[in-house]
Peer 1: 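Below are the structure tokens for one structure; questions will follow.
Treat the numbers as computed from the prediction; the structure is a model and nothing was measured.
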Protein chains: 2
Amino acid sequence: MADISPKHDVFQAIADPTRRELLSLLSDQEMSVTIISEHFPISRTAVSKHLHVLADAGLVSERKVGRETRYKLQPEPLMELKQWLSYYERFWDNKLAKLKKFVEAD
Amino acid sequence: MADISPKHDVFQAIADPTRRELLSLLSDQEMSVTIISEHFPISRTAVSKHLHVLADAGLVSERKVGRETRYKLQPEPLMELKQWLSYYERFWDNKLAKLKKFVEAD
DNA sequence: ACATTACGAAACCAAATGGTTTCACATCAA
DNA sequence: TTGATGTGAAACCATTTGGTTTCGTAATGT
């Protein structure tokens with residue numbers, strides 16, 4: 001049986017600050033591994049690993065061009081995060097509403 | 001020098017599925033550690049550790065009541081997440097817009 | 001044809017993470 | 001006072017994580 005998805009989930013993927021920087025960098029443009037890694041103080045191999053984690057989570061796409069591998073942002077999986085967040089928004093909205101009420105009752 | 005800043009950031013705190021379940025559980029009501037841990041297959045001590053991580057990130061508050069320690073959701077730090085997300089929303093909005101354009105050009 | 005470039009896989013390592021069990025200590029109930 | 005309950009700290013353990021260096025290979029440049 002093919003193992004469909006021990007994939008990394010989006011929550012775990014964005015937990016690392018370097019990976020968040022990668023997403024930010026790749027939101028502008030598609031870039032090759034070497035060029036990407038020039039923006040970071042760690043080795044190209046380490047960057048490559050981070051990119052694979054992001055790819056596993058579906059947050060970036062890989063494309064081979066000659067000897068390069070180019071990556072670009074794939075924002076769709078972030079919708080899961082947005083949906084997760086939306087559940088909690090009402091709690092802080094609620095707090096804000098209570099605060100407003102309190103202030104206005106003055 | 002007192003270290004004001006939280007030890008764990010919100011991204012790292014929500015990366016763990018157990019901790020996300022904890023947040024969900026505590027959004028309903030304030031609960032003691034023992035009661036909370038009855039909802040999980042792991043030890044009370046392990047749950048307690050997760051709660052401390054969440055507290056470090058500011059996502060739950062602790063309150064001592066007699067010999068109990070009660071926790072409840074503190075959703076405010078999730079705003080940082082929302083803000084981070086908002087930057088990426090335009091990218092998928094953009095994609096949707098392009099798709100719409102393409103479909104309508106038919 | 002040969003050297004250079006771009007990259008991933010592999011082996012390895014230290015530190016962090018998520019879990020356990022045990023123990024000490026308050027607090028509450030009898 | 002004595003016993004049960006609620007909890008955190010500590011010591012410990014296995015696995016995961018984030019990093020490294022080394023090496024092989026494919027594509028490109030000269």
Side-chain angles (χ1 to χ4, degrees), chain A residues 3 5-26 29-74 77, chain B residues 3 5-26 29-74 77:
Chain A
D3 193 350
S5 59
K7 286 192 164 191
H8 290 94
D9 69 53
V10 66
F11 291 93
Q12 190 259 339
I14 65 164
D16 184 89
T18 300
R19 285 196 290 268
R20 291 200 297 279
E21 274 191 65
L22 280 168
L23 290 182
S24 164
L25 186 65
L26 294 174
Q29 49 190 317
E30 190 184 56
M31 292 172 75
S32 73
V33 176
T34 299
I35 301 299
I36 294 169
S37 62
E38 282 166 7
H39 293 73
F40 295 85
I42 60 180
S43 72
R44 176 185 51 76
T45 311
V47 169
S48 181
K49 283 191 194 174
H50 280 305
L51 288 168
H52 281 297
V53 172
L54 291 172
D56 272 355
L59 285 165
V60 297
S61 60
E62 256 181 80
R63 185 169 68 105
K64 293 285 275 181
V65 177
R67 60 187 161 184
E68 297 185 350
T69 308
R70 300 196 188 150
Y71 286 87
K72 73 164 188 265
L73 178 69
Q74 213 69 37
Chain B
D3 191 353
S5 62
K7 206 164 66 177
H8 294 94
D9 68 56
V10 65
F11 291 93
Q12 190 258 341
I14 65 165
D16 184 89
T18 300
R19 285 196 290 268
R20 291 199 298 278
E21 275 190 64
L22 279 167
L23 290 181
S24 164
L25 187 64
L26 295 174
Q29 49 191 317
E30 191 184 55
M31 292 173 76
S32 73
V33 176
T34 299
I35 302 299
I36 294 169
S37 62
E38 281 165 8
H39 293 73
F40 294 85
I42 59 179
S43 71
R44 176 186 50 77
T45 311
V47 169
S48 181
K49 282 192 194 175
H50 280 304
L51 287 168
H52 281 298
V53 173
L54 291 172
D56 272 355
L59 284 166
V60 297
S61 60
E62 257 181 81
R63 185 169 68 106
K64 292 286 275 182
V65 177
R67 59 188 159 183
E68 296 185 351
T69 308
R70 299 196 189 149
Y71 287 87
K72 74 164 188 265
L73 178 69
Q74 214 69 38

Peer 1: Which whole-number value in Å describes the distance from A/D56 CG to D/dT16 P?
Peer 2: 15 Å
Peer 1: For a quick test of reading the model, state the closest non-hydrogen atom pair linking A/Q12 to B/A15 and the distance between them.
Peer 2: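 Smallest interatomic distance, heavy atoms only, reads CA-CB, 4.2 Å.
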Peer 1: If I take atom CZ in residue A/R19 and atom C1' in nucleotide D/dG18, what distance separates them, rounded to the nearest angstrom?
Peer 2: 9 Å
Peer 1: Can you name the nearest heavy-atom pair linking A/T34 to A/S37, along with the distance?
Peer 2: O-OG, 2.9 Å
Peer 1: What pair of heavy atoms forms the shortest contact from A/L23 to A/I14, and how long is it?
Peer 2: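 Here A/L23 and A/I14 meet closest at CD1-CG2, 4.1 Å.
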Peer 1: What do the steps show when you test A/E62 against A/T69 for side-chain hydrogen bond (donor to acceptor under 3.5 Å, both in side chains), and what is the final call?
Peer 2: CA-CA 7 Å; A/E62 256 181 80; A/T69 308; 5.3 Å; no
Peer 1: To the nearest Å, give me how far apart NE2 (A/H52) and C1' (C/dA9) are.
Peer 2: 9 Å
Peer 1: For D/dG19, does OP1 or OP2 lie under 4.0 Å from any side-chain N or O of A/H50?
Peer 2: yes
Peer 1: For a side-chain contact (heavy atoms from CB on, under 4.5 Å) check, start with the C-alpha distance between A/H50 and A/V47, then their side-chain angles and the critical distance, and finish with the verdict.
Peer 2: CA-CA 5 Å; A/H50 280 305; A/V47 169; 5.6 Å; no
Peer 1: Work out which heavy atom in B/Y71 is nearest to a heavy atom in B/L26; give both atom names and the distance.
Peer 2: O-CD2, 3.5 Å
Peer 1: Could you tell me how far apart B/I14 (CD1) and C/dT17 (C1') are, to the nearest whole angstrom?
Peer 2: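 Rounded to the whole Å, the gap is 17 Å.
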Peer 1: Go through residues 32-45 of chain A and report each residue with a non-hydrogen atom lying under 4.0 Å from DNA chain D, sorted by number.
Peer 2: A/I42, A/S43, A/T45
Peer 1: Minimum heavy-atom separation for A/S48 to A/V33, with atom names?
Peer 2: CB-CG1, 4.4 Å
Peer 1: Hey, which sits more toward the 5' end of DNA chain C by its nearest nucleotide, A/E62 or A/K49?
Peer 2: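 That would be A/E62.
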Peer 1: Under 4.0 Å between a side-chain N/O of A/Q12 and OP1 or OP2 of D/dT16, yes or no?
Peer 2: no
Peer 1: Do any N or O atoms from the side chain of B/R19 and from the backbone of B/A13 form a donor-acceptor pair under 3.5 angstrom?
Peer 2: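 Flag set: sc B/R19 to bb B/A13 pair under 3.5 Å.
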Peer 1: Would you check, one step at a time, whether the test side-chain contact (heavy atoms from CB on, under 4.5 Å) holds for B/E21 with B/H39?
Peer 2: CA-CA 9 Å; B/E21 275 190 64; B/H39 293 73; over 6 Å; no
Peer 1: Starting at atom CD of B/E68, determine the distance to atom C1' of C/dC25, rounded to an integer number of angstrom.
Peer 2: 16 Å
Peer 1: Rounded to the nearest Å, what distance is computed from the CG atom of residue A/L51 to the P atom of nucleotide C/dC7?
Peer 2: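 Whole-Å distance recorded here is 10 Å.
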Peer 1: By the 4.0 Å heavy-atom rule, please label B/R70 as base, sugar-phosphate, or nothing.
Peer 2: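 No contact.
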Peer 1: Between the protein and nucleotides 28-30 of chain C, list the N/O to N/O atom pairs that are separated by less than 3.5 angstrom.
Peer 2:
none

